[in-house]
Amino acid sequence: MRARKRRVAARRGRRRARVRACKDGSLAARRDGAMSERRPRVMSGMRPTGNLHVGHLVGVLTQWAAYCESADAFFEIADLHAYTTGFSDPQAIRDAREEMVAVWLAAGVDPERSTIYLQSGVPEIAELQTLLSMIVPVSWLERVPTYKGQIEALGNEVATYGFLGYPLLQLCDIAAMRGERVPVGRDQVAHLEFGREVVRRFNYLYGDGRDVLTEPQPTLSEFPEVLGIDGRKMSKSYDNAIYIADDEETTTKKVRAMITDPLKIRRGDPGRPQICALFALWKFANPFRVDAVAAACRSGELGCVQDKGDLAEALNAYLRPVRDRLAAYRADRGAVTRVIEEGTARARAVASDVLRDVKRAMRLV
RNA sequence: AGGGCGGUAGCUCAAUUGGUAGAGCGGUCGCCUCCAAAGCGACGGGUUGCGGGUUCAAGUCCUGCCCGCCCUGCCA
């Protein structure tokens with residue numbers, strides 16, 4: 001009880017500090033270059049999907065957890081984005097919401113030091129999209145490299161208006177939170193570049209010499225490649241993932257099924273760790289043993305069966321604390337829901353501020 | 001709204017004048033391998049979108065409906 005009170009008090013204090021920071025962060029202050037010690041606003045998001053896997057954990061979530069310390073972080077449950085391709089199964093999107101956030105929290109994303117919010121719970125984002133859509137040429141969207149490829153991959157039935165506008169909605173996510181830095185993988189660079197062009201066009205048309213919207217900067221994050229059971233990139237759609245929510249027995253079974261070096265036929269044969277899916281997992285399951293494992297594999301001294309047993313053990317040990325916390329959050333859905341509600345309220349305050357600026361610039365108010 | 005094409009296994013698609021619904025991929029299980037992969041073998045898998053009708057017999061023909069994709073000049 002006392003602990004909770006303290007936490008709430010601490011949160012209020014931080015929030016007040018944040019409000020002050022926002023006020024200080026006015027345009028004038030920014031021009032003065034007085035912002036150097038302010039933490040950058042980082043915005044990132046994820047479509048609600050029930051099963052997050054080890055690739056998400058090491059590639060994205062650990063980074064998010066770090067941003068909680070180093071940045072003023074906003075993390076979005078991108079449920080509207082999920083509808084662009086998953087519109088035929090709304091229940092799946094709804095069901096994934098709390099579960100996904102439970103995994104975020106279990107992975108160390110700190111709701112006290114970041115803002116976790118629901119995209120559809122911030123209607124200002126959607127309104128912003130409508131406003132900005134007026135100045136976005138269709139051809140800009142059509143030439144985003146992922147568009148035609150995705151249509152080809154997913155079929156013409158997903159070629160909706162909303163799907164075409166996906167990159168614009170992404171920009172609105174960022175702009176509505178005044179995101180400055182956006183961690184992106186290589187495939188998302190084009191989307192952000194598109195978004196920057198939209199911002200420049202908006203400021204040119206309506207800014208009257210000022211930057212109403214801020215161009216978000218990409219933060220290239222080269223995630224360590226995590227390979228799935230079949231040796232390809234770990235991905236839900238390849239059905240080759242080890243899930244954070246898997247139990248230890250399932251994890252062990254999956255590790256046993258993983259592809260190793262096809263030229264290492266029998267024990268004693270030299271292996272090539274660099275092409276072995278096991279090795280990709282060792283790097284983070286236990287970084288202190290990577291070199292020893294790789295050397296033993298190369299010499300042939302280490303057999304794959306032994307290797308798999310060891311890795312399964314190391315991986316389960318690495319995941320155990322995350323899984324334990326996940327179990328706790330699953331048992332207390334109410335706490336997760338509260339995190340989302342509080343975060344969404346905070347996000348909404350930021351977004352309505354932005355929307356007001358945009359509407360003024362467009363002479364709508 | 002109208003026109004065209006389509007809906008068959010988890011996915012992509014076959015099925016002759018109407019005559020026992022199949023294949024590939026995927027999946028599961030064996031053999032082989034330190035394991036896995038590859039290779040070989042086996043197995044499972046279906047209300048043929050839904051309802052009527054014609055017929056000895058309908059995935060196939062007729063009819064109504066549902067769903068998907070494509071097309072239907074300019075004036076929003």
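All chains are named by letter (A, B, ...) in the order of the sequence lines, taking the proteins before the strands, and each is independently numbered beginning at 1.
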Review point. B/rU47 and B/rG59: how far apart are their P atoms, nearest whole angstrom?
Key: 14 Å
Review point. So what stems show up for RNA chain B if we need 3 or more Watson-Crick or G-U pairs in a row, all under 3.5 Å?
Key: B:1-7 with B:66-72, B:10-13 with B:22-25, B:27-31 with B:39-43, B:49-53 with B:61-65
Practice item. Sticking with atom C1', work out how far B/rC69 lies from B/rC74, rounded to a whole angstrom. Key: 26 Å
Check your understanding: Going by heavy atoms in the side chains, are A/Thr160 and A/Thr84 under 4.5 Å from each other?
Key -> no
Point to revise | Euclidean distance for P, B/rA21 against B/rA57 (whole angstrom) | key: 15 Å
Exercise for review: Give A/Asp261 one of three labels, base, sugar-phosphate or nothing, depending on what nucleic acid heavy atoms sit under 4.0 Å from its own.
Suggested key: base
Check your understanding: side chain to side chain donor-acceptor pair (under 3.5 Å) between A/Glu142 and A/Tyr147: does it pass, once the steps are laid out?
Key -> CA-CA 7 Å; A/Glu142 284 172 338; A/Tyr147 178 69; over 6 Å; no
Review point. How far does the C1' atom of B/rU16 sit from the matching atom of B/rU60, given to the nearest Å?
Key: 11 Å
Practice item. Pick the P atom in B/rA58 and in B/rU20, then give their distance to the nearest Å. Key: 12 Å
Exercise for review: Please answer whether the main-chain N or O of A/Arg266 pairs with a side-chain N or O of A/Asp269 as donor and acceptor at a distance below 3.5 Å.
Suggested key: yes
**Study point:** Check: A/Asp246/A/His53 side-chain N/O donor and acceptor closer than 3.5 Å
**Key:** no
Practice item. Decide, yes or no, whether a salt bridge links A/Glu180 with A/Arg41 under the criterion of side-chain N to carboxylate O below 4.0 Å. Key: no
Exercise for review: Please list, in 5' to 3' order, the outermost nucleotides of RNA chain B lying under 4.0 Å from any heavy atom of chain A.
Suggested key: B/rU33 to B/rC70
Check your understanding: What is the nucleic acid contact for A/Arg266, judged by heavy atoms within less than 4.0 Å: base, sugar-phosphate only, or nothing?
Key -> base
Point to revise | Polar side chain donor-acceptor pair, A/Arg97 to A/Thr337, under 3.5 angstrom | key: no
**Study point:** With A/Lys254, the side chain to side chain contact (heavy atoms under 4.5 Å, CB included) member among A/Ile229, A/Val54, A/Leu315
**Key:** A/Ile229
Review point. Say you pick atom C1' in B/rG49 and the same atom in B/rU8; how far apart are they, in whole Å?
Key: 10 Å
Point to revise | Residues A/Thr251 and A/Arg323: side-chain donor-acceptor under 3.5 angstrom | key: yes
Revision key, fill the gap. Assign each of A/Leu263 and A/Asp239 the nucleotide of RNA chain B bearing its closest heavy atom; nearer the 5' end lies the nucleotide of A/Asp239
Check your understanding: Using a distance-only test with no angle check, is there a side-chain donor-acceptor pair under 3.5 angstrom linking A/Trp282 and A/Asp307?
Key -> yes
**Study point:** Whole-angstrom distance between B/rC32 and B/rC13, as gauged at atom C1'
**Key:** 33 Å
Practice item. For nucleotides B/rG24 and B/rC43, find the distance between their P atoms and express it as a whole number of Å. Key: 12 Å
